[in-house]
Amino acid sequence: MRVAISSDHGGNRLRAEIIDLMNDMGIEYEDFGPKDDGSVDYPDYAKPVAQRVADGEFDRGIVICGTGIGMSIAANKIKGIRCALCHDVFSAKATRGHNDSNVLAMGERVVGPGLAREIARTWLEGEFEGGRHERRIEKLKQLEQ
């Protein structure tokens, strides 16, 4: 699995935690920044992750900001992206199994590093269940046209 990851300035510390987790899990990733803690605009960091996932360069993406809201909105503007904002493990499991989400959003000001690692691990290990959920994913794709 290849994962693209980015944050804005409000998610830098949590991004470092998730990168550490992916190293522990042996997951290949590319970090799209930012490189320092200076103020940046979240759409500029959500777009490269979402676009590369949509283009098939990466299997999944993770975006992080203060709340996760801005990054999830921005990522979902890219055709083919199903970005899920998760602040609990149950939602992370459900969105992989039922929604086949391909981008995970989290908020550094909402979840602590330990819980964020559990959420990310659950989401990264999760698989799409298919079946009745495939029909719904196809309907989501139709909404993009």
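Remember, predicted model here, so these are calculated numbers, not experimental data. Position 1 is the first residue of the sequence, and the numbers go up from there.
Under the 4.5 Å side-chain contact rule for hydrophobic residues, Val89 and Leu21 share a cluster. Phe32 and Ile5 fall into different hydrophobic clusters, where Ile, Leu, Val, Met, Phe, Trp and Tyr are joined by side-chain heavy atoms under 4.5 Å apart, directly or via other members. Hydrophobic clustering of Ile, Leu, Val, Met, Phe, Trp and Tyr side chains at less than 4.5 Å, counting indirect connections, unites Val63 with Val40.
Arg96 CZ to Glu125 CD: the interatomic distance, rounded to the nearest 0.5 Å, is 11.5 Å. In this structure, the separation between CE on Met106 and CZ on Arg117 is 10.5 Å, given to the nearest 0.5 Å. For the atom pair NZ of Lys93 and CD of Glu127, the computed distance is 10.5 Å after rounding to the nearest 0.5 Å. From Met1, atom CE reaches atom CG of Asp59 across 6.5 Å, with rounding to the nearest 0.5 Å. Here the straight-line distance linking atom CD1 of Ile81 with atom CZ of Arg60 works out to 12.0 Å at 0.5 Å rounding. Interatomic distance, Cys65 SG to Glu108 CD, rounded to the nearest 0.5 Å: 10.0 Å.
The nearest pair of heavy atoms linking Leu104 to Ala120 is CD2-CA, 4.0 Å. Nearest heavy atoms, Gly80 versus Glu144: N-OE2, 2.7 Å. The heavy-atom pair separating Gly61 from Val49 by the smallest distance is CA-CG1, 3.8 Å. Met71 and Ile64 make their closest contact through CE-O, 3.6 Å (heavy atoms, listed as atom of the first residue, atom of the second, distance). Taking each heavy atom of Leu115 and His87 in turn, the nearest pair found is CD2-O, 3.8 Å. Counting all heavy atoms, side chain and backbone alike, Asn76 lies closest to Cys83 at OD1-N, 2.8 Å.
Among the candidates Ile62, Ile19, Val111, Val110, the single residue satisfying the side-chain contact (heavy atoms from CB on, under 4.5 Å) test with Leu14 is Val111.
Counting heavy atoms from C-beta on, the side chains of Cys86 and Thr95 come closer than 4.5 Å. Residues Asn23 and Tyr29 form a side-chain contact, since some pair of their non-hydrogen atoms from C-beta on lies under 4.5 Å apart. Side chains of Tyr42 and His9 form no contact here, defined as non-hydrogen atoms less than 4.5 Å apart. A 4.5 Å side-chain heavy-atom check between Glu129 and Asp100 finds every atom pair outside the cut-off. Two residues are said to be in side-chain contact when any heavy atoms from C-beta on lie closer than 4.5 Å; Ile78 and Gln51 meet this criterion. Residues Val3 and Phe58 have side chains not in contact (no heavy-atom distance under 4.5 Å, counting atoms from C-beta outward). Within the 4.5 Å cutoff, the side chain of Pro34 has heavy atoms near those of the Tyr45 side chain.
For Thr67 (side chain) and Ile69 (main-chain N/O), a donor-acceptor pair under 3.5 Å exists by modelled atom type. No side-chain donor-acceptor contact under 3.5 Å links Asp8 to the backbone of Asp41. Looking at Asp55, its side chain never comes within 3.5 Å of a backbone N or O of Glu57 through a donor-acceptor pair.
Salt-bridge check for Glu138 with Lys141: passed, with a basic side-chain N closer than 4.0 Å to an acidic carboxylate O. The pair Arg2-Glu28 counts as a salt bridge, with a side-chain nitrogen and a carboxylate oxygen less than 4.0 angstrom apart.
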Worked check of side-chain contact (heavy atoms from CB on, under 4.5 Å) between Phe128 and Asn99: CA-CA 7 Å; Phe128 181 50; Asn99 311 123; over 6 Å; no
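In Arg136, the CZ atom is crowded: over 12 heavy atoms of neighbouring residues, nucleotides or ligands sit closer than 6.0 Å.
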